[in-house]
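A short worksheet on the structure shown next.
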Amino acid sequence: MKNKEVAEIFNKVAALLEIKGDNPYRIRAYQRAAQVIEALTTDVEELAKQGKLERLPGIGPDLASKIKEILRTGTLSLYEELKKEIPPVLLTFLEIPGLGPKKVKAIYEKFGITSIEELEKACKEHKIAKLPGFGWKTEENILKGIKLFREKIGRRPLGEILPLAEKITEILKKESPVENISIAGSIRRRRETVKDIDVLITSTEPEKVMKKVVELPLVEEIIAFGETKTSVRVKAGQSTIQMDIRVVEPDSWGAALAYFTGSKAHNIRVRELALEKGLKINEYGVFKGETKIAGKTEKEVYASIGLPFIPPELREDRGEIEAALQGKLPKLVEYNEIIGDGHVHSKYSDGTASLEEIMEKAEKLGLSWVAVCDHSQSLKVAGGVPVEDLFKKKRRIEELNKRSSKVKLIFGAEVDILSDGTLDYPDEVLKEIDFVIAAIHTGFQQSEEQITNRIISALKHPLVHAVAHPTGRVIGERDPYAVNLSKILEVAAQYGKALEINAYYKRLDLNDVNARAAKEKGIPLIIGTDAHFIDQMEYIHLGTAVARRAWCEKKDILNTLSYEEFMNWLKKLRANSR
Ligand SMILES: [Zn+2]
Ligand SMILES: [Zn+2]
């Protein structure tokens with residue numbers, strides 16, 4: 001699907017036109033087209049082939065031909081021209097969260113600022129606050145945005161890069177003479193953001209594999225071409241990411257995999273352990289003097305220094321070496337043990353899928369249940385469900401469940417925690433909802449005490465089962481809201497309430513460290529994709545990855561329960577909360 005790429009180019013064109021001071025209607029047309037395309041559930045390429053682009057709302061012949069141009073050439077001549085007219089640094093400024101075209105334009109015209117460092121300095125000297133329409137708050141937001149931007153340019157969300165890396169290894173497996181192939185590095189450890197793609201292979205004809213690599217249509221630039229190592233830049237959305245691919249000897253496969261999977265901190269500890277045993281360990285193997293004693297598999301490498309195999313998700317030097325030495329490594333929850341999705345939006349609120357489509361997708365993904373949690377009534381921007389519709393939805397779910405034996409839907413709601421800590425449906429409505437997951441979507445600017453108390457009062461509410469995305473962070477876009485998480489964990493543990501591991505690739509909230517803290521307090525965790533588009537249900541594995549990085553076992557995760565078991569858990573929790 002090229003939908004995202006097309007939408008991104010239209011958004012950028014709109015921003016550039018705005019900086020230029022172009023006609024507002026023209027700007028709006030591009031913004032609207034971007035929204036429409038981004039929200040499509042069908043492939044824009046398919047629509048173009050069928051000649052159906054003009055049928056989309058807001059897309060006339062002119063925009064349709066521009067979409068075709070992007071599909072054909074990967075870019076738009078108008079966009080390329082606009083980029084030439086405008087100082088490139090302003091394009092970079094637009095990437096800073098909190099800075100829109102209007103502000104960028106004002107800053108540039110007034111101060112002629114041409115670098116992020118200058119912008120940062122001007123904020124710190126409070127020059128920006130004096131501009132009309134700006135203020136202290138804006139300055140603060142720009143500084144925060146700069147920090148997020150700097151984090152972002154180095155690292156990309158795992159959910160953007162993992163599918164790409166998997167696609168590449170699939171192609172190489174099918175179309176080139178590789179024997180073993182594996183993704184290594186932070187992708188294999190499932191870190192929430194990644195810097196590059198590391199791939200290892202064994203092959204008797206490495207030159208053919210490398211040739212295939214540089215011929216991949218995704219490759220934008222060849223950095224280095226060699227028979228043992230090739231580095232390229234691969235297209236990833238509107239930018240690129242470096243991919244290093246290395247050929248290793250079959251005899252060193254395990255050693256190389258361990259070495260290039262990292263983390264650095266973990267590898268240092270492993271090396272120290274080896275040294276204590278009089279062994280030397282490197283990417284080629286484990287050596288006693290000149291003799292190689294291990295290297296073929298990772299298991300063999302770990303065994304040679306007296307350790308069991310350590311799953312990649314744990315290799316962060318966060319206690320896994322000590323646990324392994326004591327035989328106390330957790331038996332991590334497996335990806336295929338997750339049989340439910342705890343948080344999906346349907347057409348009843350701002351989701352795009354019908355209940356039937358959700359059921360169908362769940363079956364394809366091998367799930368047995370999905371909690372359909374639409375937004376509550378006040379959240380108008382997100383199509384919050386009024387009480388009348390809520391009961392229509394309940395009845396429809398009951399009908400569908402009767403017909404389906406493989407997948408059951410659960411009547412849920414993502415209920416807003418209002419700014420005073422009360423919930424967005426009255427109790428007599430809440431008690432009819434089988435799964436209530438409460439969440440904060442407004443009032444982010446409140447103090448730590450206020451936000452913490454809001455969440456705590458939701459957790460204490462006898463009809464609430466769980467809290468969604470407990471810290472509110474959005475990777476690369478928004479820091480967590482001010483919240484005292486340890487207080488939240490205390491109350492959740494005390495009341496037996498669940499916390500969510502939101503699996504949307506930009507949220508992953510709770511993150512690995514926080515989810516581990518929750519697990520250690522015995523708090524049940526529930527993974528939810530928060531899917532608003534049907535394909536986003538595929539992100540469930542990203543939530544499982546967070547759970548594994550949080551040392552979670554099967555018993556820690558509610559999504560491993562069968563439909564009946566989960567429904568019982570929900571009922572029991574309420575019975576005990578009365
Ligand atoms: Zn939410
Ligand atoms: Zn949601």
Side-chain angles (χ1 to χ4, degrees), residues 39 159 340-355 357-358 361-362 367 369-386 389-390 393 397 409-419 421-425 430 433-444 446 451 454-455 458-459 461 464-475 477-481 483 485 488 492 497-511 514-515 525-540 542-543 546 558-559:
D341 186 333
H343 183 169
V344 169
H345 291 264
S346 75
K347 274 183 181 164
Y348 280 90
S349 65
D350 57 349
T352 55
S354 66
L355 297 173
E357 286 165 331
I358 292 171
K361 184 73 179 182
L367 299 174
W369 54 267
V370 178
V372 188
C373 300
D374 286 296
H375 290 293
S376 56
Q377 52 189 0
S378 315
L379 208 64
K380 296 267 163 33
V381 284
V385 186
D389 289 355
L390 209 51
K393 178 178 155 185
I397 286 179
L409 298 182
I410 293 169
F411 174 44
E414 181 180 16
V415 179
D416 250 56
I417 307 171
L418 303 174
S419 51
T422 58
L423 294 173
D424 192 23
Y425 286 125
L430 288 176
I433 303 172
D434 293 327
F435 176 45
V436 172
I437 187 161
I440 286 193
H441 294 106
T442 54
F444 295 138
Q446 285 181 336
I451 291 191
R454 275 166 82 187
I455 299 180
L459 284 169
H461 193 296
V464 168
H465 297 99
V467 166
H469 43 74
T471 78
R473 67 97 176 244
V474 181
I475 295 174
E477 286 170 28
R478 192 170 76 206
D479 276 337
Y481 35 64
V483 63
L485 197 73
I488 303 288
K497 301 295 170 85
L499 293 178
E500 182 180 64
I501 295 177
N502 189 294
Y504 182 60
Y505 77 106
K506 283 190 174 177
R507 284 198 185 264
L508 304 182
D509 178 13
L510 300 172
N511 68 10
N514 292 334
L525 292 160
I526 181 150
I527 301 171
T529 56
D530 207 352
H532 286 71
F533 299 103
I534 198 80
D535 286 345
Q536 291 173 349
M537 285 175 68
E538 290 162 20
Y539 286 133
I540 191 87
L542 295 177
V546 173
L558 292 168
N559 310 64

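Source: prediction; values computed, not measured. Counting convention: from 1, in listed order, for ligands and their atoms alike.
- Here the side chain of S376 pairs no donor or acceptor atom with the backbone of Y425 at under 3.5 angstrom.
- With hydrogens and angles ignored, the 3.5 Å screen pairs no side-chain donor or acceptor of D424 with any backbone N or O of V415.
- Checked against salt bridge (Lys or Arg N to Asp or Glu O under 4.0 Å), K361 has the following partners two or more places apart in sequence or in another chain: D535, E538.
- Shown here are the salt bridge (Lys or Arg N to Asp or Glu O under 4.0 Å) partners of D509, two or more places apart in sequence or in another chain: there are none.
- Note on the Zn ion (ligand 2): protein N/O/S atoms under 2.8 Å are H343 NE2, H345 NE2, E414 OE1, D530 OD1.
- N514 pairs by the side chain to side chain donor-acceptor pair (under 3.5 Å) definition with N511, not counting sequence neighbours.
- In this structure, F444 and Y481 have parallel ring planes: the angle between them is below the 30° cut-off, well short of the 60° mark.
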